[in-house]
Colleague: 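Structure below; questions to follow.
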There are 2 protein chains.
Amino acid sequence: MARQYHTKGKEVLLTYFMGSTGKRFCAKDVLDYLNDCEISMNQATVYRNLEKLTEEGKLLKTKNPSDDTGYYQYVGDGSCCREHLHIQCKVCGKIVHLEGPVMDSFNDYVQNKLNFVLEPKESVLIGKCPDCIDKE
Amino acid sequence: MARQYHTKGKEVLLTYFMGSTGKRFCAKDVLDYLNDCEISMNQATVYRNLEKLTEEGKLLKTKNPSDDTGYYQYVGDGSCCREHLHIQCKVCGKIVHLEGPVMDSFNDYVQNKLNFVLEPKESVLIGKCPDCIDKE
DNA sequence: AAAAATTTGCAAATCATTCGCAAAAGTCAT
DNA sequence: ATGACTTTTGCGAATGATTTGCAAATTTTT
């Protein structure tokens, strides 16, 4: 199945994301950036590369509750993001990972007490992050 | 500003949602249902009514992270408590309340470690319930 | 029943994202 | 590096959920 080729395109995107500590960008942000740098990459290609980098576990893709736009953030080679829950700020969209001993017992409770199989990818915890609370 | 009229349309939708214990439906589900019942309601009207019922607090609108479709579920009679989290079966729609000591430490972790304010009524945990797992 | 306000149907528009397909570029064995 | 093979790219058009503009229909108020 689908070997990965090393292309200039993916490299440019990855560098862009890695250079900006965990910040979230949508496809349009990337397109605008490329345009500013006079790097030419088609819109479909941008989407395809974002998807590939997401599959490779380098980017995390999320959506704000309020719109349909996909946002991507660099999460290194964190293969972790697939299995655990996240909480998202309803104001700024920031994603925080939920892990650690508390979450272990949470998962244990859900799986072994309630006998539910949790689907982290379909689940969304919504809240307000400290930064956005401060700004109010 | 914008008083609410009582219309047949909204009533039909509300009845549909109330009749099916908290299960999640998207606009297309509603449209299909209306079509089966030979009730005629335009797609734009369905969307407008879903939005109005959501504004009125009768429906909760959520989106799965993995797709762009909006899902609605009835929460208007307060049967779906607003102060704590729930997990819902993606197959049958059953809702289970999450409470107890494990959830207390979960809430403590989110509020005092991460400093997030969780919004339980906007958050949805999705999974599969034991009954539906057995049936597979 | 008339006037005022809101809701409806319809078709077209939006907007992010995806598709089909031929051309271009990356990879590998020779 | 040459050719064979595979994956990626660009392009324009298509998709799919949702929204919009507007005139007609319905509901509420007077």
Colleague: Between atom CG in Leu31(A) and atom P in dG10(D), what is the gap in whole Å?
Modeller: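 Value for this atom pair: 11 Å.
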Colleague: Here's a test of your reading of the structure: between Met41(B) and Thr69(A), which maps to the more 5' nucleotide of DNA chain C?
Modeller: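 Whichever sits nearer the 5' end wins; that is Met41(B).
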Colleague: Can you work out whether Glu51(B) or Thr45(A) has the more 5'-proximal nearest nucleotide on DNA chain D?
Modeller: Thr45(A)
Colleague: Hey, does the side chain of Asn49(B) come within less than 4.0 Å of dT8(C)'s phosphate (OP1/OP2), counting only N and O?
Modeller: yes
Colleague: In whole Å, what is the span from the CG atom of Leu50(B) to the C1' atom of dA17(D)?
Modeller: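 Value for this atom pair: 12 Å.
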Colleague: When only distance counts, do a donor and an acceptor, one from the side chain of Tyr5(B) and one from the base of dT26(D), lie under 3.5 Å apart?
Modeller: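 Looking at the base of dT26(D), it does not pair with any donor or acceptor on the side chain of Tyr5(B) (distance under 3.5 Å).
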Colleague: Look at the aromatic rings of Phe17(B) and Phe25(B) and report parallel, tilted or perpendicular, splitting at 30° and 60°.
Modeller: perpendicular
Colleague: From C-beta outward on Arg3(B), which listed nucleotide comes closest to its side chain: dC10(C), dT7(C), dA5(C)?
Modeller: dA5(C)
Colleague: Touch check for Lys28(B), heavy atoms < 4.0 angstrom, all strands: base, sugar-phosphate only, or nothing?
Modeller: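 Lys28(B): no heavy atom of the nucleic acid under 4.0 Å.
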Colleague: Reckon Lys52(A) has a side-chain N or O less than 4.0 Å from the OP1 or OP2 of dT9(D)?
Modeller: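 Yes, Lys52(A) has a side-chain N/O under 4.0 Å of OP1/OP2 on dT9(D).
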Colleague: Mapping Thr7(B) and Cys26(B) onto DNA chain D by nearest heavy atom, which one lands closer to the 5' end?
Modeller: Cys26(B)
Colleague: Consider the side chain of Ala27(A), meaning its heavy atoms from C-beta on, and name the nucleotide among dT17(C), dT7(C), dT27(C) that approaches it most closely.
Modeller: dT17(C)
Colleague: To the side chain of Ala44(A), which of dG12(D), dT7(C), dT8(D) is closest?
Modeller: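 Given the options dG12(D), dT7(C), dT8(D), the side chain of Ala44(A) is closest to dG12(D).
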Colleague: Could you state the CG-P distance from Asn42(A) to dA13(D), rounded to the nearest angstrom?
Modeller: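 Spelled out: CG on Asn42(A) to P on dA13(D) is 13 Å.
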Colleague: How many whole angstroms separate atom CG of Leu34(B) from atom C1' of dG9(C)?
Modeller: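 In whole Å, dG9(C) C1' and Leu34(B) CG are 14 Å from each other.
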Colleague: For Gln43(A) and dA14(D), give me the distance from atom CD to atom C1', rounded to whole Å.
Modeller: 13 Å
Colleague: Between Lys10(A), Lys52(A), Glu55(A), which is the residue that forms a side-chain hydrogen bond (donor to acceptor under 3.5 Å, both in side chains) with Gln4(A)?
Modeller: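 For Gln4(A), the side-chain hydrogen bond (donor to acceptor under 3.5 Å, both in side chains) test succeeds with only one of Lys10(A), Lys52(A), Glu55(A), which is Lys10(A).
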Colleague: Whole-Å distance between dT27(D) P and Lys8(B) NZ?
Modeller: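 Lys8(B) atom NZ is separated from dT27(D) atom P by 7 Å.
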Colleague: Atom CG of Asp29(B) to atom C1' of dA17(D): distance rounded to whole Å?
Modeller: 13 Å
Colleague: Rounded to whole angstroms, how far apart are OH on Tyr47(B) and P on dA11(C)?
Modeller: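 So the two atoms are 17 Å apart, to the nearest Å.
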Colleague: Inspect the contact between Asp68(B) and Lys63(A) and indicate whether a charged nitrogen and a carboxylate oxygen are less than 4.0 angstrom apart.
Modeller: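 Yes, charged N to carboxylate O under 4.0 Å.
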Colleague: Have Gln88(B) and Lys23(B) got a donor and an acceptor in their side chains that come within less than 3.5 Å?
Modeller: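 Their side chains do not contain a donor-acceptor pair, so the 3.5 Å distance test is not met.
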Colleague: Below 4.0 angstrom, N of the basic side chain to O of the carboxylate: do Lys61(A) and Glu51(A) qualify?
Modeller: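 Glu51(A) and Lys61(A): not salt-bridged.
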Colleague: Would you state whether a donor and an acceptor, one from the side chain of Arg48(B) and one from the base of dG9(C), lie under 3.5 Å apart?
Modeller: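 Counting by modelled atom types and ignoring angles, a donor-acceptor contact under 3.5 Å is found here.
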